[in-house]
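I have a structure here, written as structure tokens, and I will follow up with some questions on it.
Read the numbers this way: they start at 1 and go in the same order the structure lists the ligands and their atoms.
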Amino acid sequence: MKHLKWFNSKTAIIIAGALLSAYLILILTVTNLGQSRLKESQNSALNLRVTNYTENLSFFIAANQKNVANLSQKRDVNTYFSNLAAGMSLRYGLSSSLFSLTRTIEQFSLSNKMDNQQIYSRVMIVGLGETIIVDSQPGASFDVSQLPIKQMETLGQKVHLVKGDHGIEVQLLQTIYHQNEAVAVLIAKLNTAVITGLLSTQERPDSGSYLALESRLGDILVWNSLPSSMVSAKLGSVNYAKASPKTIHFENDVQGTPFILKSWFEPVSEEDIFTSAWFIAGISLLALPVFLGLIYLMRVNNKNLILQTQVALSSEQQQKLAKQNGLLQQEIAKRIASESKLAYQATHDELTNLANRTHGMTKLQAAIRNAQAKDNQVLLLFIDLDNFKQINDTIGHHAGDELLKQTSDRLLNSVRSTDIVARLGGDEFLVIVPDIQHQDAAKLVATSILSLFELPFHIEQQEFFVSTSIGMSMYPKDGDNAATLLKRADTALYRVKDMGRNGFGFYDSSMNSNVQRNLMLNMRLHQAIQQGDIEIYYQPILDLQSRKIVAAEALMRWFDPELGFISPEDFIPLAEKNGLIHKLGDMVLLEACTQAASWQSISPITVAVNFSSVQFRYCEQLQETIVDVLLKTGLPANQLDMEVTESLLIDQGHSLMKMLAYLKQLGVGLSIDDFGTGYSALSYLQKFPFSKLKIDRAFINKMATSSSDESLVSAILAMAKSLGLKVVAEGIETEQQARFLQQHNCEFGQGYLFSKPIPAKEFMALLQRERDRKRLLLTS
Ligand SMILES: Nc1nc2c(ncn2[C@@H]2O[C@@H]3COP(=O)(O)O[C@H]4[C@@H](O)[C@H](n5cnc6c(=O)[nH]c(N)nc65)O[C@@H]4COP(=O)(O)O[C@H]3[C@H]2O)c(=O)[nH]1
């Protein structure tokens, strides 16, 4: 029912409108089509008409030429010219033959008719000497010089045009021959009225046409029924400017004549026919009130519908709407909340709620801008917890997170409300002090932050001591944008870490060049390892008593083609940082053990290999490698000495102790290298299964000049004895040093006094020489 109601009102109006539009479109299309078809057929009908005219005229001219040709061969014509050729005079036979010829010509002129009109208005015979022999109108004037007599002597026949007093004359010329010689020309002037009649057979006074025969000499007006406004005063030409653009025009050649038939036709006026543009416009206009009526009906109908709908809206629907509205509002509120949460998350660190890297950098940039305006200085502190990775690995990630949270709390509590604390990620924090007076004030800030870490952290009922390192940079001294300040504070931080951590340092420009060199070395070190540019040299270690080689210390040598010799003291810390130390360490171990195994047949010497404390981070793997190498090379385990530095003792862990105990059990020796330079805590010495102690060359070197160093060396030697450790003295350069050490029961020594580190080949030669000397001594 509802559907029907709706259909009856609105739909019916729309359908009616659509049908009316379709109807109008149809009418327009059909009438347009009809008009163009009409024009086409009108054009072709007129074309056919004109073509008929030209063909008729062609045929007419050709037929008359034949007619004239026949006349020229008539007996009378022949007789006359025979008599003339025979020299007959007019007085005798010639006058009678001229008489008969004249009669024939006149008869020819009179008898050839068309539609009761004479075809030839004048017929004449003119001799080649331009004398008129016969003329059907003897009284009328005739200009013989117009005739192309010379041409006709060879031509035979021709349609000849002459401009006369009454317009263009058409003459049919025919050469008369006697005994194959041209003797005269027969001229038959065509009646123009016959020609124009022939070309206007289908024209009527109301046909709206204009036809003209155009020639080189001028036009012959054939027909004109065009309105006078369209034709110019000048005879035989149409005023084109005034002719309607719709005027139909043809130009047709009349075959066999020098004429072109030109024709203009006024087309059937569109206004006169049912399908004219006015008619269509009229119909369309008629449709307009119908359209307006429909639109009016639609509006009235719509209003009714709206009214009906409003009335029909039930209270149930209103309730539904209110409910949906409520839900929508809730949804919007939720979205707003989640958007602001997202915005917060985008700028803050989830764990500590501090500003994150991006937000921290934005704040730093803002502080710089502010300082620029007020001519202030900005301090940036880059804070990094020392050994956080190890702590995290040992106590677990959860406790690691707790440590970071507590660090963040301590930092927030220590800084001023105007300072900004941010977390860059991992264990890296930033503190931005937007207005710092001078560098001393900056030192105070850094000291107070360092002191925050003097108190232990309490995590999961355990106490932890964690130190921190701080790198600092300042605006405007070190840079004028956030990125540069951060980079420079980072550089300063690295320097602090290098210097032993738990401290602070300012950026200075010389750091940059160090960083550059380190970057370069870093890159080249990779290449050097790949290309096998790193060699192993061996320095002999001697029994100071017997002065015989008992061991060799394996030392890395890197000769870079561009940078020259690079000391292991430069590239090993670098390799420790970038992790290449594992690769390098494995390489030295394999090479040294291989060499030492091959030297066993010459002398049972030990090989001492340096191990970086970084290599012990993966104890199990390292232990596996050492055992593998010993098995692979066949070097007895007790012929390998591992040299470690004091730094290893600080980062001690359970797995390290287990590994060292295991290796000692195998027979591998363990030496503490560079003794005296670091912490040198005796308690550590006791804990580890060391077999040897190496006194750093710095003490040996200074022994001669400093009595305190001499007594320190004696004390180390005494202490080593009490711990049951053998001692190797490094850096012996003089015989005096060697003797002193020998006297103080130092077992072993190495140094330039005996030999510098040398390539494997040379070392082997050294061993061989020593063996040969021994043999010599034994045999002598
Ligand atoms: N002035 C002077 N120096 C002497 C004399 N006798 C020995 N030396 C030098 O003293 C250093 C002894 O090695 P180090 O204390 O283990 O100290 C080594 C060691 O800690 C480290 N290193 C060298 N090769 C390796 C390696 O393969 N692995 C590891 N982890 N460290 C290595 O680099 C350090 C420096 O090595 P080098 O430059 O080869 O320097 C060597 C050696 O050439 C002397 O009479 N006078």
Side-chain angles (χ1 to χ4, degrees), residues 521 525 528-529 533-542 544 549 551-560 564-596 606-618 622 625-626 629 640-648 669-678 680 692-704 713 727-738 740-741 746 748-760 762-763:
L521 281 185
L525 185 59
I529 295 173
D533 285 347
I534 294 180
E535 268 188 84
I536 316 294
Y537 275 39
Y538 298 88
Q539 185 174 35
I541 298 175
L542 284 88
L544 284 178
I549 302 171
E553 182 179 3
L555 293 160
M556 275 193 256
R557 288 293 172 266
W558 176 17
F559 297 95
D560 182 85
F565 173 72
I566 299 159
S567 161
E569 274 164 346
D570 284 341
F571 72 82
I572 282 173
L574 204 70
E576 283 173 341
K577 271 190 201 138
N578 62 22
L580 283 177
I581 191 68
H582 300 286
K583 218 175 202 179
L584 281 171
D586 290 355
M587 188 187 89
V588 176
L589 180 71
L590 179 65
E591 170 95 33
C593 290
T594 311
Q595 290 294 350
T606 304
V607 71
V609 176
N610 287 285
F611 283 84
S612 154
S613 52
V614 175
Q615 287 175 269
F616 290 92
R617 281 196 193 145
Y618 308 99
L622 182 64
T625 311
I626 295 170
V629 167
L640 172 67
D641 252 353
M642 290 171 71
E643 290 195 8
V644 296
T645 54
E646 284 169 299
S647 59
L648 180 71
L670 184 67
S671 306
I672 174 115
D673 203 1
D674 306 333
F675 190 79
T677 51
S680 305
K692 277 194 202 100
L693 178 153
K694 291 185 89 171
I695 304 175
D696 192 73
R697 67 173 192 268
F699 299 107
I700 310 295
N701 193 260
K702 286 187 222 149
M703 271 190 331
V713 171
V727 179
V728 183
E730 281 182 335
I732 304 172
E733 289 183 355
T734 63
E735 187 53 50
Q736 199 187 348
Q737 289 165 347
F740 174 87
L741 290 161
C746 176
F748 308 107
Q750 70 183 97
Y752 293 170
L753 174 67
F754 311 115
S755 167
K756 283 194 171 183
I758 46 175
E762 286 181 37
F763 189 86

Determine whether L521 and W558 satisfy the following criterion, side chain to side chain contact (heavy atoms under 4.5 Å, CB included), listing intermediate values before the conclusion. CA-CA 11 Å; L521 281 185; W558 176 17; 4.2 Å; yes
Is there a protein heavy atom less than 4.0 Å away from atom 17 (O) of ligand 1?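 No; the ligand atom in question lacks any protein heavy-atom contact below 4.0 Å.
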Considering R557, E591, E553 one by one, which has a heavy atom nearer to atom 43 (O) of ligand 1 than any of the others? R557
Judged by modelled atom types alone, do Q615 and D586 share a side-chain donor-acceptor pair under 3.5 Å?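 No pair is found: no donor N or O on one side chain lies under 3.5 Å from an acceptor on the other.
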I need the nearest protein heavy-atom contact for atom 34 (C) of ligand 1: residue, atom name and distance, please. E569 CG, 4.0 Å
Smallest separation among heavy atoms of Y537 and P757, with atom names: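 Y537 and P757 have their closest heavy atoms at CD2-O, 3.3 Å.
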Closest non-hydrogen atoms of L544 and C746, given as atom of the first, atom of the second and distance, are CD1-O, 3.4 Å
Nearest neighbour of atom 4 (C) of ligand 1 from the list W558, Y752, F571, on a heavy-atom basis: Y752
Minimum heavy-atom distance P568-F565, with the two atoms named: CD-CZ, 4.2 Å
Here the gap from T606 atom OG1 to F748 atom CZ, rounded to the nearest 0.5 Å, amounts to 8.0 Å
Winner among G585, A554, G731, P568 once heavy atoms are compared against atom 37 (P) of ligand 1: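 Looking at heavy atoms only, P568 sits closest to atom 37 (P) of ligand 1.
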Which atom names give the shortest non-hydrogen contact between E733 and N701, and what distance separates them?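 The answer is OE1-ND2, 4.0 Å.
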Ligand 1 contact on V588 by region, counting heavy-atom pairs under 4.0 Å: side chain
Starting from atom 20 (O) of ligand 1, locate the nearest protein heavy atom and write down its residue, its atom name and how far away it is, to 0.1 Å.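 Its nearest protein heavy-atom neighbour is N610 OD1, 4.4 Å.
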Taking heavy atoms and a distance under 4.0 Å, where does K694 meet ligand 1: side chain, backbone, both or neither?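 It is neither part, as no heavy atom is under 4.0 Å.
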Contacting atoms of ligand 1, where contact means under 4.0 angstrom from a heavy atom of G751: 6 (N), 45 (O)
Just going by heavy-atom distances, which of Q615, E643, R697 is nearest to atom 9 (C) of ligand 1?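 That would be R697.
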Using heavy-atom distances only, which candidate in M556, Q539, M587 approaches atom 26 (C) of ligand 1 most closely? M556
Can you name the nearest heavy-atom pair linking D641 to G669, along with the distance?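 Taking every non-hydrogen atom into account, OD1-CA, 3.1 Å.
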With sequence neighbours left out, what residues match Q539 under side-chain hydrogen bond (donor to acceptor under 3.5 Å, both in side chains)? Q750
The answer for which part of I572 has a heavy atom under 4.0 Å from ligand 1 is side chain
Test of understanding: given a 4.0 Å heavy-atom threshold, classify the contact between E733 and ligand 1 as side chain, backbone, both, or neither.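 Within the 4.0 Å criterion, E733 contacts ligand 1 through side-chain atoms alone.
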Is ligand 1 under 4.0 Å from a heavy atom in the side chain of I732, in the backbone, in both, or in neither? backbone
Look only at interatomic distance and state if D673 has a nitrogen or oxygen under 3.5 Å from any nitrogen or oxygen of ligand 1. yes
In this structure, atom 42 (C) of ligand 1 is nearest to the protein heavy atom L555 CD1, 3.9 Å
Between L741 and A729, the two heavy atoms sitting closest are CD1-CB, 3.4 Å
Counting heavy atoms only, which part of I536 comes closer than 4.0 Å to ligand 1: side chain, backbone, both or neither?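 No part of I536 comes within reach of ligand 1.
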Is there a side-chain contact between K694 and I541 (heavy atoms, below 4.5 Å)?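 A side-chain contact under 4.5 Å exists here.
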